Structures are given as C-alpha cells and as structure tokens.
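Input: a single structure, listed below in structure tokens.
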Amino acid sequence: MNDIILGIESSCDDTSAAVIRDGLLLSNVIASQKVHEAYGGVVPELASRAHQQNILPVVSEALRQAGVDKHDLSAIAFTRGPGLLGSLLVGTSFAKGMALGLNIPLIDINHLHAHVLSQFIREEESDEVPDFPFMTLLISGGNSQIILVKSAEEMEIIGQTIDDAAGEAFDKCAKVMGLPYPGGPHIDRLAAEGDPNRFKFAKPNIPGLDYSFSGLKTSFLYTLRDNLKDNPQFIKENEADLAASLQRTIIDILMDKLERAAKLYHPKHITIGGGVSANSGVRDAVERLCHKLHITPWLPKRKFTTDNAAMVAMAGWFKYQCRDFCDISLPPYARVVI
Ligand code: KG4
C-alpha cells in the first residue's frame, strides 16, 4: 500500500495543509493569521485574502516536509464546511484545481467530523487510537456539542449549545478583560495562578443535554462593570482570580451535561476535540469525570485540537478507504448539522 492523502483546511483563520501516507501523518503545516488580533475577532474578508496569500506556500511546504512529490498523491481532502464562506472558497477552489490538474479524486470533509476524528491521527506506528463507538465533547470557537460517534461517517449530536459556543465564552470574556484575541489560551494561562472559587458567575438551567453560555457572558460582564465603578484597577488587580473563576464555571457547565450524557448512553470511551480541548482545566476535568465513571478518556495532542489539516487528511483517509469521493462541482457550505 502506498496511499497518500493531501488534506487542506481553510474554514476560518488558519491556512493548513497536511500529508498522510497509509494512515501515518508525514507533515502538518499551519499558517495562522495574525491580522485579526487588532480587531479582537476574525474579520471574514481579511481571512479570505490571507488564505489566498498562504495557500500555495503552505501546500508546497507540507509536500516538502513530507518528502512527497505532488504526482505521488492518491487524493486530495478539503474542508467543505461549515465555516466562513470566503475562507472555505479558497481551500475548496485550490483543492479542486489541484485534483483536476493531477487527475486524482477529491474528498469533501465536514470540519466537525474532522475535529472528532483528530483522535485517530498517528505520527508513529505505535500510537494508539480508540475504537468505535465512543462519545465526543466537541468544543471550539463555533461549536459546543456532545456527539455519539458510531463510525467515521455516522455521528449523532445528542446535545449542543443553544446560543454561544464555549470558545466564544472564553474569547468574549477575555476581550472585556482587555486580553488579546483569541482569549482562550490567555485565560488558561492566567487561571493557573488564580483562585477558581473567588467569583461566582451564572450557570444555565436548561433541560436535556444542551448547553448555553450567553448568561455566563452577561454575568461576567456585569461583575466587571459593577466592580469597576468602585475600583478602576479591578481587572488588573484580580486578573488571575477572574480568569480562574471564569474557567471553572465554563468547565462546570461542560462537565455537568457530559456527565448526564455519559450516564444515559454508557460510552466505553470519551474523547474531546476542538480548540477548547487544549484547555488544561478541561482536560483535567474530563480525566476526572472518566475516572469516576470508569470510562477511558482519549485526549488529543494539543497541536491537533485547534484547526489543522492533519485532521482533514485523517478524515479523508477514512473516506478514501471506502472510495467515497466527491464531484468537482460541489460548492462549500457555511452551515451544517453534523
Ligand atoms: O477549533 P478552533 O481552532 O476553531 C474555531 O472553532 O474557530 O477553536 C478556537 C477556539 C477559540 O475560541 C480559542 O480561544 C479556543 O479555541 N482555545 C482555548 C484554548 N486554546 C484555544 N480555549 C481555552 N483554553 C485554551 N487553552
């Protein structure tokens, strides 16, 4: 066997390309876009322009690092959606043009499936992977979902956010604290030094397995506003405690529904995915919960938690085994259920 898949990811603000040969990752190149930092969030038009600048050098570098000639590729997998349409168009068009030029098959990938399947990325033959079925907590800048993963293609969402995603809660609260974008990693770093019980923020009370983070965001904002009236230095003086208390509340909300889901569905394994799964507190909490419920946790390597093409190539690898290819006329999509 010598099947080589090139993966291309351009759904938001990371341009990435990766190469997988016979299921093993050979390269994973990511160009993150710094241009958005000044705006405190991703500016879609700037993201799409930066993808145009980055895509060719990123793909060339991924092939170079893998030691693979483009004529040896077996197929190209690309993120078709969901994401920012202008960003997706760049990766989609590039993948189509390259596949057409090389006369090889195209594989369309659902970005959320790719996050779930990131658990299967192997850098060494000895790397272990979970077996199906399992439960995944997918937590990123755009999604917070609990998913039953029956196979690489068959996934069922059993709970999801009805408003903001967990990553948005991290980023928006960090923004009102004056921290740079994206705020999640800054909150994570500050939280390590702070007291998680110092401040209390609102937790949602909604039925079932769905999430909500908008109330927490408002409650965090009001705490800052009320305290800043008396002490203009309030944020600076309490930065670590605010971050730790915010992080603890987000984790409590996430774990509450994950525990309910695990007790209802009895999964053998729980995996996590998406940018927020890089969070130290989230990783510890998932391990603790799994230990309590006698479930095996599978935590992805941190480098595969945020947007990357290795997970797209991995999802492509699964589809390649079933010769599940797509037509060149398929357009990208901005929104989708899993
Ligand atoms: O999956 P991802 O790269 O893409 C989007 O969905 O856009 O996730 C990005 C999100 C951002 O909200 C970012 O703040 C969050 O992941 N994030 C973190 C950490 N690292 C990234 N949140 C909390 N703690 C972290 N260490």
Side-chain angles (χ1 to χ4, degrees), residues 9-16 28 30-33 36-37 40-44 47 51 79 81-85 87-88 91 109-119 121 136-145 147 160-161 164-177 179-194 196 211 213 216-217 242-255 271-286 299-312 315 334-336 338:
E9 156 65 28
S10 73
S11 64
C12 190
D13 59 343
D14 294 299
T15 320
S16 181
N28 182 39
I30 305 175
S32 299
Q33 304 176 0
H36 309 287
E37 280 172 12
V42 177
V43 184
H51 281 304
T79 301
L84 299 171
L85 210 50
S87 292
L88 288 163
I109 300 297
N110 176 326
H111 181 76
L112 304 177
H113 280 208
H115 269 304
V116 171
L117 298 173
S118 62
Q119 205 67 61
I121 301 169
T136 295
L137 176 66
L138 179 58
I139 35 178
S140 67
N143 294 279
S144 297
Q145 299 174 331
I147 305 167
Q160 61 188 321
T161 182
D164 292 342
E168 267 176 288
F170 270 108
D171 294 343
K172 289 181 177 164
C173 292
K175 189 174 176 184
V176 294
M177 284 176 70
L179 296 170
Y181 175 85
H186 296 282
I187 297 286
D188 193 357
R189 179 180 46 79
L190 285 167
E193 313 286 321
Y211 286 119
F213 290 97
L216 162 63
K217 220 175 53 188
L242 282 167
S245 304
L246 171 68
Q247 181 166 300
R248 197 218 59 217
T249 313
I250 294 175
I251 292 171
D252 285 352
I253 297 171
L254 289 172
M255 291 308 118
T271 76
I272 52 176
V276 179
S277 65
N279 184 272
S280 327
V282 169
R283 296 171 83 91
D284 290 348
V286 169
L299 307 184
K301 292 181 183 163
R302 276 194 166 81
K303 61 183 169 184
F304 300 132
T305 55
T306 47
D307 289 349
N308 66 85
M311 65 184 194
V312 177
R335 288 179 179 279
V336 73
I338 203 152

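We count ligands from 1, going down the list as the structure has it; atoms in each ligand are counted the same way. The shown structure was predicted, so the numbers you read here are calculated from the model rather than taken from an experiment.
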Can you tell me how far [atom2] of [Y] sits from [atom1] of [X], rounded to the nearest 0.5 angstrom?
X	Y	atom1	atom2	result
His113	Thr79	NE2	OG1	12.5 Å
Asn308	Lys301	CG	NZ	12.0 Å
Phe170	Gln247	CZ	CD	4.5 Å

When you measure from [atom] to every protein heavy atom, which one gives the shortest distance, and what is it?
atom	value
atom 24 (N) of ligand 1	Asn279 ND2, 3.0 Å
atom 2 (P) of ligand 1	Asp307 OD1, 3.6 Å
atom 6 (O) of ligand 1	Gly141 N, 2.9 Å

Relative to the heavy atoms of [X], which atoms of ligand 1 are at a distance of less than 4.0 Å?
X	answer
His115	1 (O)
Gly167	12 (O)
Gly142	6 (O)

Whether Arg302 lies under 4.0 Å from ligand 1, heavy atom: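 Not so, Arg302 does not reach ligand 1.
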Residues that Asp284 engages under side-chain hydrogen bond (donor to acceptor under 3.5 Å, both in side chains), provided they are two or more places apart: none
Listed partners of Thr305 passing side-chain hydrogen bond (donor to acceptor under 3.5 Å, both in side chains), at least two apart: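 Checked Thr305 against side-chain hydrogen bond (donor to acceptor under 3.5 Å, both in side chains); zero matches.
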Ligand 1 and [X], any nitrogen or oxygen pair closer than 3.5 angstrom?
X	value
Asp188	yes
Thr306	no
Phe170	no

Working for side chain to side chain donor-acceptor pair (under 3.5 Å), residues His51 and Thr15: CA-CA 6 Å; His51 281 304; Thr15 320; 2.8 Å; yes
Nearest-option assignment for atom 14 (O) of ligand 1, heavy atoms, candidates Leu138, Asp171, Leu84, Asp13: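 Looking at heavy atoms only, the winner is Asp171.
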Identity of the nearest option to atom 20 (N) of ligand 1, non-hydrogen atoms only, from Ala165, Gly275, Gly184, Ala166: Gly275
Lys175/Asp171 salt bridge by N-O under 4.0 Å criterion: no
Donor-acceptor contact below 3.5 Å, side chain Ser144 vs main chain Ala166: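 Between the backbone of Ala166 and the side chain of Ser144 there is a qualifying donor-acceptor contact (under 3.5 Å).
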